[in-house]
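Take a look at the structure set out below.
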Amino acid sequence: MPELPEVEITRRGIGPIVGLPITQVVVRNSRLRWPIPSYLAEALTGKSVRRILRRAKYLLFDVGEGWLIVHLGMSGSLRIVESQEPPRVHDHVDWVFGDVSLRLRDPRRFGAVLWTSGAVEKHALLARLGVEPLSDEFSGRVLYESSRRRSASVKQLLMDHKVVVGVGNIYANESLFRAGIHPGTPSGRITKRRYDRLASEVKLTMHAAIEAGGSSLRDFVHSDGSRGYFQQQYCVYGRSGLPCHSCGRLVKITRTGQRSTFYCPNCQH
DNA sequence: CCACGCTCCTGCGCGC
DNA sequence: TGCGCGCAGGAGCGTG
């Protein structure tokens, strides 16, 4: 499942299509989270992508007159393929650049393909997002200040995209473990100092993932894509009932909201 | 403003 | 070996 590091790796991996004119747009299935706009092909054909940006987990393709917005959802991937390679099931969209195509696969169809002709940062999906976790804007201070007078747990705060974007369930679990913070702690009761540590761990975890994935960018672009997705060694995520790597106590699982929360009862307080 | 629950969808793992 | 069930998850959106 693409977390922010995978989306960033994808952004870098599909860089080779920048500057190439779009010769055709093929939509085989427009029923993603929202319907793909029917005018998308008309809006894009003949244009070229000037640059590809990322905001949160959204990929933003600048084509001059507007922006293509792509979200990979839970199961989406974007790959550069040879245009004659036959599409497989769940390959919903091709952006064709002559001999090569950018191909979107998304089995669960939680992803999105949208278009905006206005300023992309004003788009309804992007306008109210919080800070980027890898930017200097994100620090313990952001978490501390947005947590005052809040009753929600620290894990829910960390996953609130109005505060900081791109921290999904896996990175929330892992960062809290690394920071030694129990995920259920009321966010309003955590000190600034502990939030500094937490923000630092979010950055470290994400940077390490990007570096691990970035090292196989060539494979990502030229193969079936699977090798570009690094296999992260998780400390707690998905490890309920297994011994903590740090202390040996068994990792526990609970539910926070609708999501699985993993933690070490000995290392996290 | 805040918190929470619902929803979309398919692949996978598990139990029998 | 095969079948069917339930779970997993990103994040917008509606409700209280």
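In what follows, chains are A, B, ... by sequence order, proteins preceding strands, each numbered from 1.
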What is the distance from [atom1] of [X] to [atom2] of [N], rounded to the nearest Å?
X: I170(A); N: dG10(C); atom1: CD1; atom2: P; answer: 7 Å
X: M74(A); N: dT10(B); atom1: CE; atom2: C1'; answer: 10 Å
X: R149(A); N: dA3(B); atom1: CZ; atom2: P; answer: 11 Å
X: I69(A); N: dA11(C); atom1: CD1; atom2: C1'; answer: 15 Å
X: D106(A); N: dC8(B); atom1: CG; atom2: P; answer: 16 Å
X: M159(A); N: dC2(B); atom1: CE; atom2: C1'; answer: 17 Å
X: K162(A); N: dC1(B); atom1: NZ; atom2: P; answer: 9 Å
X: R105(A); N: dT10(B); atom1: CZ; atom2: P; answer: 15 Å

Counting only pairs under 3.5 Å, give me each side-chain donor-acceptor contact of residues 81-90 of chain A, with atom names and distances, residues two or more places apart or in other chains.
unit_1	atom_1	unit_2	atom_2	d
S83(A)	OG	G98(A)	O	2.8
S83(A)	OG	D99(A)	O	3.0
S83(A)	OG	V100(A)	N	3.3
S83(A)	OG	V100(A)	O	3.2
S83(A)	OG	S101(A)	OG	2.8

Scan [X] against the nucleic acid and name what it touches under 4.0 Å (heavy atoms): base, sugar-phosphate only, or nothing.
X: S151(A); value: sugar-phosphate
X: R33(A); value: base
X: L32(A); value: nothing
X: R128(A); value: nothing
X: R259(A); value: base

Open item on the list: With nearest nucleotide decided by heavy atoms, which residue, L129(A) or R255(A), maps closer to the 5′ end of DNA chain C?
Closed with: R255(A)
Apart from [X] itself, residues in the same hydrophobic cluster as defined by side-chain heavy atoms under 4.5 Å:
X: L126(A); value: W34(A), L53(A), Y58(A), L60(A), W67(A), I69(A), L114(A), V120(A), L125(A), L129(A), V165(A)
X: M159(A); value: none
X: L250(A); value: none

Task: Contacts of type side chain to side chain donor-acceptor pair (under 3.5 Å), residue E3(A), not counting sequence neighbours - done: none
If the cut-off is 4.0 Å, is [X] near the phosphate of [N], judged by side-chain N/O to OP1 or OP2?
X: S260(A); N: dA8(C); result: yes
X: Y171(A); N: dG9(C); result: no
X: Y237(A); N: dG9(C); result: yes
X: Q156(A); N: dC2(B); result: no
X: H90(A); N: dT10(B); result: no

Open item on the list: Between T185(A) and L176(A), is there a side-chain heavy-atom distance shorter than 4.5 Å?
Closed with: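 No, their side chains stay 4.5 Å or more apart.
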- [ ] Taking the side chain as every heavy atom from C-beta outward, state whether W95(A) and L104(A) have any pair of such atoms under 4.5 Å apart.
- [x]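 Yes, close enough: below the 4.5 Å cut-off.
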Task: Per-nucleotide pairing state of DNA chain C [Watson-Crick or G-U, under 3.5 Å; [ ] pseudoknot-crossing; | other strand] - done: .|||||||||||||||
Task: Heavy-atom neighbours of R189(A) CZ exceed 12 at 6.0 Å - done: no
[X] side-chain proximity, nearest of [options]:
X: W34(A); options: dT10(B), dG10(C), dC13(C); answer: dC13(C)
X: R109(A); options: dA11(C), dT10(B), dA8(C); answer: dT10(B)
X: F110(A); options: dC8(B), dA3(B), dG11(B); answer: dC8(B)

Task: Along DNA chain B (nearest heavy atom to each residue), the more 5'-positioned of R108(A) and D160(A) - done: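 Upstream on the strand: D160(A).
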